Amino acid sequence: RFPPSLRLPNTKGFTASSVYGINRASQNKDAAWEFLKFLVSEPMQFSSFGDYGCPVNIRASERLVKTYLREADIVLRNYAINQHFASGGMVREDDPYIAKYYDYQFTQADADRIEAIISQADTFLSYDTTVLDMAAEELDPFLKGQKSAQATAQTLQSRLSMYISEQQ
């Protein structure tokens, strides 16, 4: 709910780009659980790296580091080409955007740094959408012309102050 610096000063936190769950009312809980296990399996986590960040599967993470040590120049060059192409650019071998990736070498020191960061992570930092939900609720009447900007701001400030004081 709160950044580690506010609640847990000695914490090394991490977040997830996607959080999954199984609906309590699901009639297929076993199948849903098997699907979730598949999503965090080594092959799935390894193949999706770069799209979502570091794999949560330790074996996939270790495999990724080994691959980078062996093939960093190829991986980074392909990433650069994909990024440039996605932005509408024409891909040319002499393109400075792509050329800057040729010189980068992923070293054992980089691998050690990644391993240290991953091994120190000890707390999942969940997202608290309460503040955004409150803002959306209060913004709706304003956008419909039912409340002034000042009245909307005052109501939101009051609700947020109450929420924050309840959390302490």
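We number each residue from 1, following the sequence as shown. These numbers come from the heavy atoms of this one structure, side chains and all, not from hydrogens, waters or symmetry mates. Since this is a predicted model, take the numbers as computed values, not measurements.
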Is there a donor-acceptor contact under 3.5 Å linking the side chains of D110 and T107? yes

Any chain of hydrophobic side-chain contacts (each under 4.5 Å) joining V131 to I164? yes

Work out which heavy atom in V65 is nearest to a heavy atom in A111; give both atom names and the distance. CG1-CB, 3.3 Å

Are L139 and L156 linked, directly or through intermediate hydrophobic residues, by side-chain heavy-atom contacts shorter than 4.5 Å (ILVMFWY only)? no

Separation between CG (D112) and OG (S119), nearest 0.5 Å, reads 10.5 Å

Could you please spell out the steps behind the side chain to side chain contact (heavy atoms under 4.5 Å, CB included) verdict for D30 and E34? CA-CA 6 Å; D30 290 338; E34 290 303 315; 5.7 Å; no

Student check: side-chain heavy atoms of E137 and R159 closer than 4.5 Å: yes

Can you list every pair that meets side chain to side chain donor-acceptor pair (under 3.5 Å) and has a residue in residues 143-158, with sequence neighbours left out? E138-K147, D140-K144, K147-T155, Q157-S161

Just verifying a value: how many Å separate L132 CG and M134 CE, rounded to the nearest 0.5 Å? 10.5 Å

Value for CZ (R113) from CD (Q108), rounded to nearest 0.5 Å, stands at 11.0 Å

Any chance you could lay out the side chain to side chain contact (heavy atoms under 4.5 Å, CB included) test for Q45 and V40, step after step, and finish with the verdict? CA-CA 6 Å; Q45 291 284 299; V40 297; 4.3 Å; yes

When you measure from the side chain of K29 to the backbone N and O of I22, does any donor-acceptor pair fall under 3.5 Å? no

What is the distance from atom CG of L39 to atom CG of N57, rounded to the nearest 0.5 Å? 12.0 Å

I117 and L64: same hydrophobic cluster, using ILVMFWY side-chain contacts below 4.5 Å? no

Minimum heavy-atom separation for I58 and I118, please, with both atom names. CD1-CG2, 4.4 Å

At their closest point, which heavy atom of N28 faces which heavy atom of S26, and how far apart are they? N-OG, 3.0 Å

